[in-house]
Amino acid sequence: MELSDEHRALRDAVRGLLAARPDPLWPRLCKEIGVAGLAVPEQHGGAGATLLESQVVLAELGRQLTPSPMLGSAVLATQALLRAGATDLLPSLCAGERVAALLLLGDHAVSEGGRLTGEARQVLDAETADVLLVATGDALWEVAAADVTVQQCDLLDPTRPLAVVRLDDAPARRLGGDAGLLPWLRDLGCVALSAEQIGAAARAFELTHDFVRQRVQFGRTIGSFQVIQHRLAEAYLRLETATTASWTAAEALTTGSPEAPTLAAMAKVHCSEALQAIVAEMIQMHGGIAITWEHDAHRYLRRAYADAQLFGAPSVHLDRLSGTLLPT
């Protein structure tokens, strides 16, 4: 996939800022590059771009396994607010002044008289969010942090904070609604996550490629062995096809294509499996050093397996695809 000149400029700006390692990072990304409002119209405080620009940023964050509220707040929460027609919270989110967490409750929520009961798992940024949004079927609600219970999950990937959020007759303000809100948000989550996955896969492949050109065994660099070359070629093919799947799904969501749900499921399955396979090769080709705390390989391995379960395991989306694509 070839990026446009504008996308390359955005990629380079984000990559340069990440390399500088500013602390805190998120305010700088929001103030200098405007990442939190890329896909939000200008009249609501955003940049007026599209999901494709957000994909570029997500891929760069994925490359470095950078903890940030980009996926949960800047993509899922802002797009949920736009879809529901609730725009009053957007300016502060786009400016990076506040962070939102989105709970996908769906049919598991019990709503009575403006009060919600239910439990959401694998919630992004719930412990640090200033705004809590709850998607229940075709409605979007806001609840106060003081009215919910947040419990941090046991983390396989410490760079991705996740929590279980419980609501027990919590007061909620209905922000708006839209038919098909919840499945659309799940598709958006899969597509946005796939951008992070291909970013991580690209970096894992680069680190492995560089390593095999330097590591000497039996008087030769191991990259000169044909079996290593074949395995790297297969990994590169996985990376290219996963990148195509991710961008094709993002374009479908951006244009409102009726094929968007199918392509989102394909991106989730293919990018999850590609990242796992490429990181497995990374571990194998680096040898023992890959499983030490000092090396980054194990961090990519943790991210690969944790991400595969976010927004539904690949098997869940394979079931979706079989129901859509296979004749009954």
Side-chain angles (χ1 to χ4, degrees), residues 1 3-4 6-19 25-26 28-30 32-40 46-47 49-80 82 93-94 96 99-102 122 124-125 157 159-162 184-206 239 242-254 260 263-264 266-268 270-272 274-275 278-279 299-300 303-304 306-308 310-311:
M1 295 293 295
L3 296 178
S4 67
E6 292 80 7
H7 286 160
R8 281 194 293 269
L10 176 60
R11 176 201 64 190
D12 294 344
V14 174
R15 189 173 297 185
L17 188 54
L18 293 180
L25 172 64
W26 185 243
R28 292 279 300 275
L29 283 169
C30 295
E32 298 178 21
I33 304 177
V35 300
L38 279 175
V40 174
T50 70
L51 177 61
L52 297 179
E53 285 68 42
S54 296
Q55 294 287 99
V56 173
V57 176
L58 288 163
E60 288 305 307
L61 295 171
R63 281 178 62 88
Q64 303 300 328
L65 307 182
T66 304
S68 84
M70 181 70 190
L71 176 59
S73 182
V75 176
L76 285 174
T78 61
Q79 296 307 302
L82 283 171
L93 296 180
C94 293
V99 169
L102 180 65
Q122 294 185 313
L124 297 161
D125 308 311
D157 175 16
T159 67
R160 174 87 76 194
L162 299 171
W184 183 81
L185 286 173
R186 292 190 189 279
D187 288 340
L188 174 63
C190 290
V191 174
L193 179 65
S194 74
E196 285 196 356
Q197 290 173 314
I198 61 173
R203 184 58 180 158
F205 179 85
E206 290 170 8
L239 175 60
T243 302
T244 299
S246 176
W247 275 87
T248 302
E251 290 174 348
L253 270 183
T254 300
L263 293 171
M266 292 174 66
K268 179 60 167 68
H270 197 58
C271 294
S272 295
L275 177 55
I278 291 170
V279 173
R299 298 173 62 233
Y300 285 89
R303 172 63 68 92
D307 275 3
L310 196 57
F311 306 122

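Thr50 and Glu53 share a donor-acceptor pair across their side chains, judged by distance under 3.5 Å alone.
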Next item on the list: Carefully, step by step, assess Leu93 and Ser73 under the rule side-chain contact (heavy atoms from CB on, under 4.5 Å).
Entry: CA-CA 8 Å; Leu93 296 180; Ser73 182; 4.2 Å; yes

(request) Please step through side-chain contact (heavy atoms from CB on, under 4.5 Å) for the pair Gln55 and Ser194, ending with a clear verdict. (result) CA-CA 9 Å; Gln55 294 287 99; Ser194 74; 4.2 Å; yes

- prompt: Under the side-chain contact (heavy atoms from CB on, under 4.5 Å) criterion, do Gln79 and Leu51 qualify, and how do the steps go?
  reply: CA-CA 9 Å; Gln79 296 307 302; Leu51 177 61; over 6 Å; no

Tell me, with the steps shown, if Asp307 and Arg160 meet side-chain contact (heavy atoms from CB on, under 4.5 Å). CA-CA 9 Å; Asp307 275 3; Arg160 174 87 76 194; 3.1 Å; yes

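Here the straight-line distance linking atom CG of Leu71 with atom CG of Leu61 works out to 9.5 Å at 0.5 Å rounding. A distance of 11.0 Å separates OG1 of Thr66 from CH2 of Trp26, quoted to the nearest 0.5 Å. To the nearest 0.5 Å, the span separating CG on Leu38 from SG on Cys30 amounts to 9.5 Å. Arg63 CZ to Glu206 CD: the interatomic distance, rounded to the nearest 0.5 Å, is 4.0 Å. Once rounded to the nearest 0.5 Å, the distance linking OG1 of Thr243 with CD1 of Ile198 reads 4.0 Å. Atoms CG and CG, from Leu239 and Leu275 in turn, are 10.0 Å apart once rounded to the nearest 0.5 Å.
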Hey, can you pull the donor-acceptor pairs under 3.5 Å for the side chains in residues 9-18, sequence neighbours left out?
residue : atom : partner : partner atom : Å
Arg15   : NE   : Glu60   : OE1          : 2.8
Arg15   : NH2  : Glu60   : OE1          : 3.4
Arg15   : NH2  : Glu60   : OE2          : 2.9

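Summarising the geometry of Val191 relative to Leu253, their closest heavy-atom pair is CG2-CD1, 3.6 Å, with the distance given to 0.1 Å. In this structure, Thr248 and Thr244 approach most closely via the heavy-atom pair OG1-O, 2.7 Å. Contact record, Val75 with Ala192: CG1-CB, 4.0 Å, taken as the closest heavy-atom pair. Shortest non-hydrogen contact noted between Ala204 and Ile278 is CB-CG2, 4.1 Å. The shortest non-hydrogen separation linking Thr254 to Ala250 is OG1-O, 2.8 Å. Of all heavy-atom pairs between Leu263 and Ala249, the closest is O-CB, 3.5 Å.
The side-chain heavy atoms of Trp247 and Val56, taken from C-beta on, include a pair separated by under 4.5 Å. Between Met70 and Ser54, some side-chain heavy-atom pair lies under the 4.5 Å cut-off. Looking at heavy atoms from C-beta onward, Val57 lies out of side-chain contact with Ile33 at the 4.5 angstrom threshold.
The main-chain N or O of Ala74 is found under 3.5 Å from a side-chain atom of Thr78 such that the two form a donor-acceptor pair. When atom types are taken as modelled, the side chain of Lys268 and the backbone of Leu193 share no donor-acceptor pair closer than 3.5 angstrom.
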